[in-house]
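Reviewing the structure listed below.
For ligands, and for the atoms within them, numbers begin at 1 and follow the listed sequence.
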Amino acid sequence: MRKVGYLGPRATFTHIAVQTMFQRDEHLPYRTIPACVDAVVNGEVEYGIVPLENALEGSVNLTLDYLIHEKRLPIVGEIVLPIRQHLMVHPNHAKEWQELTTVYSHSHAIAQCHKFLHTTLSDVLLEATTSTASAAQFVKEHPEQVIGAIANELAAKEYGLHIAQPNIHDYNHNTTRFVVLHRSVQQDTPFDVHDGYKTTLMITLPSDQAGALHQVLSAFGWRKLNLSKIESRPMKTGLGNYFFIVDIEQKMDDVLIPSAIAELEALGCTVNLLGSYPYFLIK
Ligand SMILES: O=C(O)C(=O)Cc1ccccc1
């Protein structure tokens, strides 16, 4: 049985991803994303699962930045999960959900429900928590307060809350990517089944070179390497200094990706491989 860490407490979306893909393993909750990553680094767990990107809100910057700037662990797998958000309250306040003073949740969950919150609960205070399930746990532990949480159905069950309004996310196509982290690049894949492969690169352009990004993209383009994501993130070395994260829709091979990387390096770019890994889409 492998030890698998995840962004906790019990019943987060990350926990659902872990329960689905690591059915026979031991699951250990961590309070924050950095704590979960650290647990992989210091060997407390074999794998760590954290959210990386949401279809409505974009990247989970805390994950990306911690992985890039603090603890550079390889990505060895990816799980994509459909996300449904519900507004839940303590059963003592089941009839008072329209009078809530504060709604708690993970910042991405709050953002996924902005239209609902703006139109239906326009005066409510919104408070960010480390995860959706920690918001549900907080509501359970404060029955005297008229407060709510945005979280999933499993969290409502786990913390004994009443779902006052189901499916409050603003768009139906709401999915989240979770990455599986491991201490080192491994030959075996973490799960038996998969829907495809991705390779993620971090690319830093040479400074002040006209057309550099165009040249980078053409290195992938003429090799017909399909990119499923390109995103810029601050290097944190000064205003205007950015690096790029690029996802290629295939496994690391012996020819095409290595030669694209060599071409980028010849252009003066710095390239880091963040992982080449299988992904699985949960229905
Ligand atoms: O907070 C959770 O439950 C998570 O697993 C992170 C998250 C938050 C919002 C949408 C998807 C995942």
Tell me yes or no: between the side chains of E249 and Y279, is some donor less than 3.5 Å from an acceptor?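 There is such a pair (donor and acceptor under 3.5 Å, judged by atom type) between the side chains of E249 and Y279.
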
Hydrogens and angles aside, do K229 and S59 bring a side-chain donor and acceptor to less than 3.5 Å of each other?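 Yes - a donor-acceptor pair under 3.5 Å links their side chains.
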
For Q112, state whether at least one heavy atom is located under 4.0 Å from any atom of ligand 1. yes

Considering the heavy atoms of [X], write down every atom of ligand 1 situated less than 4.0 Å from one of them.
X	value
P51	6 (C)
T12	2 (C), 3 (O), 5 (O)
T14	4 (C), 5 (O)

Would a line drawn from the ring center of Y197 to the ring center of H194 be shorter than 6.0 Å? yes

So that I know where these two stand, are F22 and Y47 an aromatic pair - ring centroids less than 6.0 Å apart?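 Between F22 and Y47, the centre distance is under 6.0 Å.
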
Quick one: do R223 and D253 satisfy salt bridge (Lys or Arg N to Asp or Glu O under 4.0 Å)? Show the steps, please. CA-CA 13 Å; R223 289 182 177 80; D253 61 347; over 6 Å; no

Please state which option from A136, A109, A111 has its nearest heavy atom closest to atom 9 (C) of ligand 1.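 It is A109 that holds the nearest heavy atom.
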
For [atom], closest protein heavy-atom neighbour:
atom	answer
atom 11 (C) of ligand 1	T176 OG1, 3.4 Å
atom 12 (C) of ligand 1	F13 CB, 3.9 Å
atom 2 (C) of ligand 1	T132 OG1, 3.3 Å

Please report whether ligand 1 has a polar contact with F178, defined as an N or O pair separated by less than 3.5 Å (distance criterion only).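 Min N/O separation from ligand 1 is not below 3.5 Å for F178.
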
If you apply the rule salt bridge (Lys or Arg N to Asp or Glu O under 4.0 Å), what do you find for D65 with R233, and how did you get there? CA-CA 8 Å; D65 288 355; R233 286 292 304 149; 2.6 Å; yes

Report the relative orientation of the aromatic rings in H15 and H27; use parallel for angles under 30°, tilted for 30 to 60°, perpendicular for over 60°. perpendicular

